[in-house]
Structures are given as C-alpha cells and as structure tokens.
Amino acid sequence: MSMLEQYRQALLFMEMGHPGDAARLLAPIVTAEPGNAEARLRLALAYYASAQLNRAQAELRVLVERDPTDHYSHHLLGRTLERLNRPTEALPHLRLAAAMAQVPDYSSAVDRVAATLSRGRGRR
C-alpha cells in the first residue's frame with residue numbers, strides 16, 4: 001500500500017471511530033515525512049482520540065514549536081495536557097489559542113481549566 005493509500009485508509013479509520021488503527025497507519029508516514037504537518041496533526045488527533053495522550057502531546061509539541069501561530073495545535077495541546085491532569089501547563093496553550101482565534105470551544109476550555117486551577121488553590 002502506498003503512503004497516500006495508507007493516509008486515506010487512516011482517515012477512514014478515524015471517520016469510523018477507530019483512532020488506534022488510524023494511528024498505526026499514520027505513524028510510519030510521519031516517520032517517513034517528518035515535515036508533513038497535516039499528517040502529524042492527524043496522528044496527534046488519532047493519539048488523542050485513542051487516549052494515547054503522551055504520544056499526542058509529543059506530536060503536538062513538535063507542531064507548536066514549528067509553527068507557534070497554529071492556534072488549533074495549541075488548543076489541542078492544552079486539551080491533551082488537561083486530560084493528563086496538568087492544568088497549569090495546559091492553561092497557557094489554551095489562552096494562546098483563544099487569543100489567536102475566536103472559537104467558542106477555545107474560550108470554554110480556558111474557563112474550565114482556569115476554574116479547575118482556582119478550585120485547587122482554594123483547597124490549600
């Protein structure tokens with residue numbers, strides 16, 4: 001199977017709700033083409049959706065390092081860190097994404113993580 005066919009199959013797996021299978025197909029593509037931001041983002045999404053959060057985080061950190069203006073990658077990195085129960089690390093990425101793009105999900109995530117941090121400070 002060519003890489004293009006593999007990529008298309010991975011997208012189908014994602015649509016069908018099989019992110020783990022999608023990740024298995026996308027990982028070798030990203031290894032072969034490390035500069036392919038679209039494939040890396042799809043891999044990060046597959047990892048995120050299959051709860052492979054440390055792997056998702058690693059791919060997203062590469063994306064935001066390469067393109068600090070990529071608001072979606074910042075948002076997804078923030079959400080990943082939130083799911084990893086690391087709200088202090090998540091909040092700056094979520095705030096940055098919300099500042100770059102007026103997307104309701106972005107501001108909701110900021111509010112949710114900020115509230116989590118506020119509740120945590122109140123317990124001390």
Side-chain angles (χ1 to χ4, degrees):
M1 182 179 331
S2 74
M3 280 202 299
L4 180 58
E5 291 168 328
Q6 206 171 323
Y7 182 78
R8 288 179 179 157
Q9 184 68 42
L11 296 182
L12 287 173
F13 276 133
M14 283 298 287
E15 286 178 22
M16 294 178 349
H18 301 287
D21 292 326
R24 279 189 286 284
L25 291 174
L26 290 165
I29 294 170
V30 171
T31 299
E33 296 184 25
N36 186 331
E38 180 64 25
R40 188 176 298 276
L41 177 59
R42 298 287 182 166
L43 178 58
L45 286 165
Y47 284 149
Y48 180 84
S50 62
Q52 296 180 65
L53 301 176
N54 288 317
R55 288 180 172 177
Q57 175 194 192
E59 298 302 332
L60 291 162
R61 287 194 185 277
V62 171
L63 287 169
V64 299
E65 182 179 304
R66 289 184 182 169
D67 183 3
T69 66
D70 181 353
H71 60 87
Y72 185 69
S73 291
H74 276 287
H75 176 72
L76 192 55
L77 176 56
R79 292 293 318 276
T80 301
L81 292 166
E82 177 187 11
R83 285 182 66 189
L84 284 166
N85 197 29
R86 293 163 49 189
T88 303
E89 292 176 63
L91 192 55
H93 291 284
L94 295 171
R95 283 185 171 150
L96 189 55
M100 286 191 274
Q102 302 303 309
V103 177
D105 286 347
Y106 290 10
S107 53
S108 296
V110 169
D111 293 343
R112 184 179 56 253
V113 172
T116 296
L117 286 171
S118 292
R119 284 192 302 273
R121 289 186 194 113
R123 292 183 195 158
R124 291 181 184 152

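Given the structure is predicted, the values throughout are model-derived calculations rather than measurements.
The shortest non-hydrogen separation linking A44 to A56 is O-CB, 3.7 Å. Taking each heavy atom of A39 and N36 in turn, the nearest pair found is N-OD1, 2.9 Å. S50 approaches G20 most closely through the heavy-atom pair CB-N, 3.8 Å. Closest approach of S107 to A98, counting heavy atoms only: N-CB, 4.4 Å. In this structure, E65 and P68 approach most closely via the heavy-atom pair O-CD, 4.0 Å. Looking at every heavy atom in both residues, Q102 comes nearest to A99 through NE2-O, 4.2 Å.
Between the side chains of R119 and T116, a donor-acceptor pair is found at a separation under 3.5 Å.
One distance of note links CG of L76 with OH of Y72; it measures 5.0 Å at 0.5 Å rounding. Interatomic distance, CG of L63 versus CG of L43, reported as 9.5 Å (0.5 Å rounding). Taken from CG in L117 to OG1 in T88, the straight-line distance is 4.5 Å, to the nearest 0.5 Å. Atom CG of L26 sits about 10.5 Å away from atom CD of Q9, to the nearest 0.5 Å. To the nearest 0.5 angstrom, I29 atom CD1 is 4.5 Å from Q6 atom CD. Note: L60 CG to L41 CG = 7.0 Å, rounded to the nearest 0.5 Å.
The stretch residues 8-55 participates, sequence neighbours left out, in no ring pair (Phe, Tyr, Trp, His ring centres under 6.0 Å) pair at all. The salt bridge (Lys or Arg N to Asp or Glu O under 4.0 Å) analysis of residues 88-97, with sequence neighbours excluded, yields the pairs R61-E89, R86-E89. The salt bridge (Lys or Arg N to Asp or Glu O under 4.0 Å) contacts involving residues 99-112 comprise E82-R112, where partners must be two or more places apart or lie in separate chains. Within the structure, the salt bridge (Lys or Arg N to Asp or Glu O under 4.0 Å) test picks out the following pairs touching residues 28-43 (sequence neighbours left out): E38-R42, R40-E59.
Following chains of ILVMFWY side-chain contacts shorter than 4.5 Å, one cannot reach L53 starting from V113, and the two form parts of different hydrophobic clusters. Residues L45 and L84 are members of one and the same hydrophobic cluster, defined by side-chain heavy-atom contacts under 4.5 angstrom among Ile, Leu, Val, Met, Phe, Trp and Tyr.
For A101, the side-chain contact (heavy atoms from CB on, under 4.5 Å) partners two or more places apart in sequence, or in a different chain, are H71, V103, Y106.
Apart from M100 itself, the hydrophobic cluster it occupies contains L96, where clustering links Ile, Leu, Val, Met, Phe, Trp and Tyr at side-chain heavy-atom distances under 4.5 Å.
Applying the 6.0 Å contact sphere to CZ of R66 captures more than 12 heavy atoms from other residues, nucleotides or ligands.
Residues L94 and H75 form a side-chain contact, since some pair of their non-hydrogen atoms from C-beta on lies under 4.5 Å apart.
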